[in-house]
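Remarks on the structure that follows.
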Amino acid sequence: MTSLLVALPGVKYAFHMESRVRALRLQQELSQLALARAMGVSRQTINAIETGRYDPSLALAVHLARHFGTTVEELFDVDA
């Protein structure tokens with residue numbers, strides 16, 4: 001799992017986000033490139049999601065969740 005702490009100027013709350021994309025991708029024995037092609041994004045996008053450097057759009061998060069047969073909430077955890 002990867003995590004990300006986001007701190008925005010002028011915003012009182014920071015969010016901690018964990019992703020299970022890498023774990024599920026490895027369970028399915030998929031490369032980042034194979035998953036990226038299935039999602040219609042670059043390999044770098046998948047890498048950035050897995051390393052916590054990028055939060056996917058809602059549409060991409062939904063597509064990833066459907067691909068892995070799970071929900072967005074199970075794939076990405078956000079704590080306030």
Side-chain angles (χ1 to χ4, degrees):
M1 282 188 241
T2 61
S3 63
L4 174 68
L5 182 62
V6 178
L8 300 173
V11 177
K12 286 186 173 183
Y13 303 102
F15 296 95
H16 176 76
M17 184 166 173
E18 293 186 9
S19 165
R20 293 184 182 85
V21 172
R22 177 173 286 165
L24 293 174
R25 177 180 61 77
L26 293 174
Q27 273 183 354
Q28 292 188 1
E29 299 181 355
L30 288 172
S31 67
Q32 287 181 342
L33 182 59
L35 179 57
R37 286 181 175 162
M39 296 297 104
V41 298
S42 70
R43 183 203 56 81
Q44 290 86 351
T45 297
I46 298 300
N47 179 271
I49 291 168
E50 291 182 353
T51 58
R53 291 180 289 118
Y54 175 71
D55 293 336
S57 67
L58 179 57
L60 179 54
V62 168
H63 287 293
L64 284 164
R66 287 180 181 166
H67 178 84
F68 291 117
T70 189
T71 65
V72 172
E73 294 84 1
E74 289 171 342
L75 191 57
F76 298 98
D77 285 335
V78 179
D79 301 320

Interatomic distance, CD@Gln44 vs CZ@Arg53, rounded to 0.5 Å, equals 9.5 Å

To the nearest 0.5 Å, atom CD1 of Ile49 lies from atom CZ of Arg25 at 11.0 Å

Contacts satisfying salt bridge (Lys or Arg N to Asp or Glu O under 4.0 Å) that involve residues 58-74 (not counting sequence neighbours) are none

Arg43 meets the side-chain hydrogen bond (donor to acceptor under 3.5 Å, both in side chains) criterion, sequence neighbours left out, with Gln32

Q: Run the numbers on Leu60 and Thr45 for side chain to side chain contact (heavy atoms under 4.5 Å, CB included), then give the verdict.
A: CA-CA 10 Å; Leu60 179 54; Thr45 297; 4.1 Å; yes

Any chain of hydrophobic side-chain contacts (each under 4.5 Å) joining Leu75 to Val78? yes

Distance col, row Thr51:OG1 vs Arg22:CZ, nearest 0.5 angstrom, shows 7.0 Å

His67 vs Leu64 side-chain heavy atoms within contact, under 4.5 Å: no

Measuring only between side-chain heavy atoms, which start at C-beta, is Asp55 closer than 4.5 Å to Phe76?
no

* Side-chain contact, heavy-atom cut-off 4.5 Å: Tyr54 with Asn47? -> no

Item to check | Verify same cluster id: Val62, Met39 (apolar side-chain graph, 4.5 Å) | outcome: yes

| said: Is any side-chain heavy atom of Phe68 closer than 4.5 Å to one of Gln28? | reply: yes

When every non-hydrogen atom of Ala65 is compared with those of Val72, the smallest separation belongs to CB-N, 3.6 Å

